[in-house]
Trainee: 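Encoded as structure tokens, here's the structure I'll be asking about.
Below, read A as the first sequence line, B as the second, and so on, with proteins coming before strands; counting in each chain starts at 1.
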Amino acid sequence: MTNSIHDMGGMHGFGKVTLEADEPVFHEEWESRVYAMNRAMGPLRLWTIDQGRASQETLPPSLYVSATYYQRWLLGLERRVLEHNLAGADELEAGRSLRTNYKPNRIFAPEDANNLTRGNFTRDASAPPRFKAGDRVRTLNINPVSHTRLPRYARDKLGEIEAVRGCHVYPDSVTTGAGEDPQWVYTVVFSGRVLWGEDSDPSVKVSIEAFEPYLVPA
Amino acid sequence: MQVRVRSLETVLSEKGYIDPAALDAIVEAYETRIGPHNGAQIVARAWIDPQFRKTLLEDATGAVNAMGNVSPVGSHLIAIENTDATHNMVVCTLCSCYPWEVLGLPPTWYKSAPYRSRAVIEPRKVLSDFGVTLPESTEIRVWDSTAETRFMVVPARPAGTDGWSEEKLAALVTRDSMVGTGLVRDPEDVA
């Protein structure tokens, strides 16, 4: 789902930003285990980063906003484990393995934690970039029911290409079974007034990282 | 929550998908080696080494990996520099994208609905929640991390720090100053 609660840019009513002095990396031990499980399941290559995001975005909106950050990570991971038949609901309930599912070829080893660098999302391009820095563009007015990275506040808006960032895995395709479908990524900058109206702060500019299919020349 | 998480970990581990010792190692890495001290070293280097600064702004991933003394970074890191004219601020309105490798895991506020919803529509009011007020003439540039590019802000070097060592300069650089919601420390507090 795209027009869901996770797409928060520009919403009102959530209140002030609450700061915590000397905040620990994890507040509870279980949070650290949830985070680490999510990382350690990566090398199994059963899902991509966007499929992981999609499993949180499709949580019921009321649950999404009431859950804490790592609760959402847990809920998302449980969903993916069940959807990929890595374990049954009865096993999660029992807290132990009751049968064998599949054996991965390679799992995350302790020494892999010495190099926790991100994966590379760059892929070969099938065509040169359509836009260059300085080009005027308009974002599309799209409302797909599947995953997208074009936020609602930046749809059907006039902006300018600031930089070409490379050709990357396309989230909108990889989450719908259409493969990596690599697309060029651009930094597109908008004036605050284009996004928020003539009454808004004239000193604000906002950029998004936009995939080429989100853009048309303007 | 604790019980539910332990159940999942036990099941995944008994099935051979994860090694609990690997989870320990991941947690330890983020509680010790990978954190904003890495970013602070990068900023301090950029302040004293013009060639490094230039490379950092052109290819942050390559520049940071060439330093050797900070934790390695993967792909798509972009450094953006504050100037007198422009103040940069980073958000992820759709989830919680953050430059983990150079700043560690994000603080709770960065992942919270108030920050994610308001940073793009009223960044000056958000900055005031952090106690930061900037001149009206300063352009506020908000970077929404909607793809796999990751942004770190390079704050401006404060006056009164001529001749300071890289280590001493790094002590001025706060996490929030590299997200763009804070400023660097007052040199008089560190001197």
Side-chain angles (χ1 to χ4, degrees), chain A residues 6-11 14-20 23 25 30 32-34 36-37 39-41 44 53 65 69 71 74 78 86-87 91-92 95-97 101 103-104 107-110 112-113 115-122 149 151 153 165 168 185 196 201 203-209, chain B residues 1-2 4-12 14-19 21-23 25-27 29-31 34 72-76 93-96 101 104-105 107-109 111-118 120-121 123-124 126 129-130 136 138-149:
Chain A
H6 71 282
D7 185 357
M8 290 182 162
M11 287 179 77
F14 287 115
K16 285 179 78 115
V17 179
T18 309
L19 310 180
E20 180 185 342
E23 184 176 343
V25 176
W30 67 264
S32 70
R33 305 310 282 183
V34 169
M37 277 193 275
R39 287 300 295 265
M41 290 298 282
L44 275 61
R53 289 184 182 121
V65 284
Y69 182 71
Q71 281 172 350
L74 172 67
E78 285 179 349
L86 300 178
E91 294 173 297
L92 298 188
R96 61 198 167 87
S97 175
N101 294 66
K103 285 282 172 213
I107 68 169
F108 193 102
D112 293 336
N115 187 9
L116 283 165
T117 53
R118 313 182 62 220
N120 190 329
F121 294 84
T122 304
R149 296 292 287 179
Y153 76 84
R165 299 300 187 184
H168 291 188
V185 180
W196 312 113
D201 185 342
S203 66
V204 171
K205 284 189 177 171
V206 178
S207 61
I208 63 167
E209 302 291 289
Chain B
M1 201 48 59
Q2 194 99 31
R4 188 165 168 174
V5 173
R6 193 171 303 131
S7 291
L8 180 61
E9 182 177 337
T10 305
V11 171
L12 297 184
E14 287 181 357
K15 286 183 183 290
Y17 308 147
I18 57 170
D19 173 357
L23 303 195
I26 291 169
V27 173
Y30 282 99
E31 287 186 331
I34 306 173
V73 304
S75 303
H76 320 307
T93 61
L94 297 174
C95 47
S96 55
E101 296 154 316
L105 297 180
T108 299
W109 60 257
K111 306 173 286 195
S112 73
Y115 186 73
R116 287 168 53 190
S117 61
R118 292 173 52 216
V120 287
I121 189 172
R124 284 182 190 271
V126 170
D129 288 353
F130 288 82
E136 273 181 34
T138 303
E139 178 184 294
I140 311 285
R141 168 63 183 279
V142 183
W143 298 73
D144 192 354
S145 311
T146 56
E148 295 309 326
T149 36

Trainee: Calculate, to the nearest 0.5 Å, the distance between atoms CZ and OG belonging to Arg53(A) and Ser96(B) respectively.
Mentor: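 Here the interatomic distance stands at 8.0 Å.
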Trainee: Quick check: closest heavy atoms across Thr93(B) and Pro151(A), and the distance to 0.1 Å?
Mentor: OG1-CB, 4.3 Å
Trainee: Please find the pair of heavy atoms, one from Ala40(A) and one from Ile18(B), that lie closest to each other, and give the distance.
Mentor: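 In this case the closest contact between Ala40(A) and Ile18(B) is CB-CG2, 4.0 Å.
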Trainee: Between Ser112(B), Gly74(B), Ala22(B), Gly16(B), who has the most heavy-atom pairs with chain A when the cutoff is under 4.5 Å?
Mentor: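 Max contact count across the listed options: Ala22(B).
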Trainee: Can you name the nearest heavy-atom pair linking Pro72(B) to Thr117(A), along with the distance?
Mentor: O-CG2, 3.3 Å
Trainee: Mind running side-chain contact (heavy atoms from CB on, under 4.5 Å) on Thr122(A) and His76(B) for me, showing each step along the way?
Mentor: CA-CA 9 Å; Thr122(A) 304; His76(B) 320 307; 3.1 Å; yes
Trainee: Should Leu86(A) and Lys15(B) count as side-chain neighbours, where that means a heavy-atom distance under 4.5 Å?
Mentor: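 The answer is no, as the side chains (C-beta and beyond) never meet within the 4.5 Å cut-off.
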Trainee: What part of Val17(A) is in contact with chain B, defined as an atom under 4.5 angstrom from a non-hydrogen atom: side chain, backbone, both or neither?
Mentor: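 For Val17(A), the contact with chain B is made by backbone and side chain together.
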Trainee: So Ser207(A) and Arg141(B), do their side chains get closer than 4.5 Å, heavy atoms only?
Mentor: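 The answer is yes, as the side chains (C-beta and beyond) meet within the 4.5 Å cut-off.
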Trainee: Decide whether Glu209(A) and Thr146(B) meet the rule of one side-chain donor and one side-chain acceptor closer than 3.5 Å.
Mentor: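 No, no side-chain donor-acceptor pair sits under 3.5 Å.
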Trainee: Please test Arg33(A) against Arg6(B) for side-chain contact (heavy atoms from CB on, under 4.5 Å), starting from the C-alpha separation and ending with a verdict.
Mentor: CA-CA 8 Å; Arg33(A) 305 310 282 183; Arg6(B) 193 171 303 131; over 6 Å; no
Trainee: About how many Å separate CZ of Arg116(B) and CG of Asp7(A), when rounded to the nearest 0.5 Å?
Mentor: 9.0 Å
Trainee: State, with a plain yes or no, whether a side-chain heavy atom of Lys16(A) is found less than 4.5 Å away from one of Val126(B).
Mentor: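 Lys16(A) vs Val126(B): side chains apart.
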Trainee: With chain B, which of Leu116(A), Asn115(A), Val65(A), Asp112(A) has the greatest number of heavy-atom pairs at distances under 4.5 Å?
Mentor: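 The residue among Leu116(A), Asn115(A), Val65(A), Asp112(A) with the greatest pair count is Leu116(A).
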Trainee: At a heavy-atom separation under 4.5 Å, does Ala29(B) approach chain A through its side chain, its backbone, both, or neither?
Mentor: side chain
Trainee: Taking the side chain as every heavy atom from C-beta outward, state whether Leu19(A) and Phe130(B) have any pair of such atoms under 4.5 Å apart.
Mentor: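 Yes, their side chains come closer than 4.5 Å.
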Trainee: Taking all non-hydrogen atoms of both residues into account, name the closest pair between Gly95(A) and Thr10(B) and its distance.
Mentor: O-CG2, 3.4 Å
Trainee: Should Tyr153(A) and Ile121(B) be marked as a side-chain contact (heavy atoms from CB on, under 4.5 Å) after you check the CA-CA gap, both sets of side-chain angles, and the distance that decides it?
Mentor: CA-CA 9 Å; Tyr153(A) 76 84; Ile121(B) 189 172; over 6 Å; no
Trainee: Any side-chain heavy-atom pair from Leu12(B) and Met41(A) closer than 4.5 angstrom?
Mentor: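 Counting from C-beta outward, Leu12(B) and Met41(A) do come under 4.5 Å.
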Trainee: Would you give the length of the straight line joining atom CZ of Phe121(A) to atom OG1 of Thr149(B), rounded to the nearest 0.5 angstrom?
Mentor: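 One finds 10.5 Å between CZ of Phe121(A) and OG1 of Thr149(B).
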Trainee: Between Arg118(A) and Glu101(B), is a salt bridge (Lys or Arg N to Asp or Glu O under 4.0 Å) present by the stated rule, with each step listed?
Mentor: CA-CA 8 Å; Arg118(A) 313 182 62 220; Glu101(B) 296 154 316; 5.0 Å; no
Trainee: According to side chain to side chain contact (heavy atoms under 4.5 Å, CB included), who are the partners of Pro104(A), at least two apart in sequence or on a separate chain?
Mentor: Leu44(A), Tyr102(A), Ile107(A), Tyr17(B)
Trainee: Hey, are the side chains of Val5(B) and Met37(A) touching, using non-hydrogen atoms and a 4.5 Å cut-off?
Mentor: yes
Trainee: Nearest 0.5 angstrom please: Lys111(B) NZ to Tyr69(A) OH, how far?
Mentor: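 The distance works out to 5.5 Å.
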Trainee: Please classify the contact of Thr18(A) with chain B as side chain, backbone, both or neither, using a heavy-atom distance under 4.5 Å.
Mentor: backbone
Trainee: Side chain, backbone, both or neither: which part of Ala109(A) has an atom under 4.5 Å from a heavy atom of chain B?
Mentor: backbone
Trainee: Apply side-chain contact (heavy atoms from CB on, under 4.5 Å) to the pair Phe108(A) and Ile26(B), showing each step before the final yes or no.
Mentor: CA-CA 10 Å; Phe108(A) 193 102; Ile26(B) 291 169; 3.6 Å; yes
Trainee: Would you say the side chain of Arg4(B) lies within less than 4.5 Å of the side chain of Glu78(A), judging by non-hydrogen atoms?
Mentor: yes
Trainee: Hey, what do you get for CD (Glu136(B)) to OG (Ser203(A)), rounding to the nearest 0.5 Å?
Mentor: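 So the CD of Glu136(B) and the OG of Ser203(A) are separated by 7.5 Å.
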Trainee: Can you name the nearest heavy-atom pair linking Arg149(A) to Ser145(B), along with the distance?
Mentor: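 Arg149(A) and Ser145(B) have their closest heavy atoms at NH2-O, 3.4 Å.
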Trainee: State, with a plain yes or no, whether a side-chain heavy atom of Ser7(B) is found less than 4.5 Å away from one of Leu92(A).
Mentor: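 Heavy-atom side-chain distance check fails, nothing below 4.5 Å.
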Trainee: Using salt bridge (charged side-chain N to carboxylate O under 4.0 Å, His left out) as the criterion, list what pairs up with Arg118(B), not counting sequence neighbours.
Mentor: Glu122(B), Asp129(B)
Trainee: So which heavy atom on Val27(B) is nearest to which on Ala36(A), and how close?
Mentor: CG2-CB, 4.0 Å
Trainee: Find the one option among Gln71(A), Glu23(A), Met11(A) whose heavy-atom pairs under 4.5 Å with chain B are most numerous.
Mentor: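 Greatest number of close heavy-atom pairs with chain B: Glu23(A).
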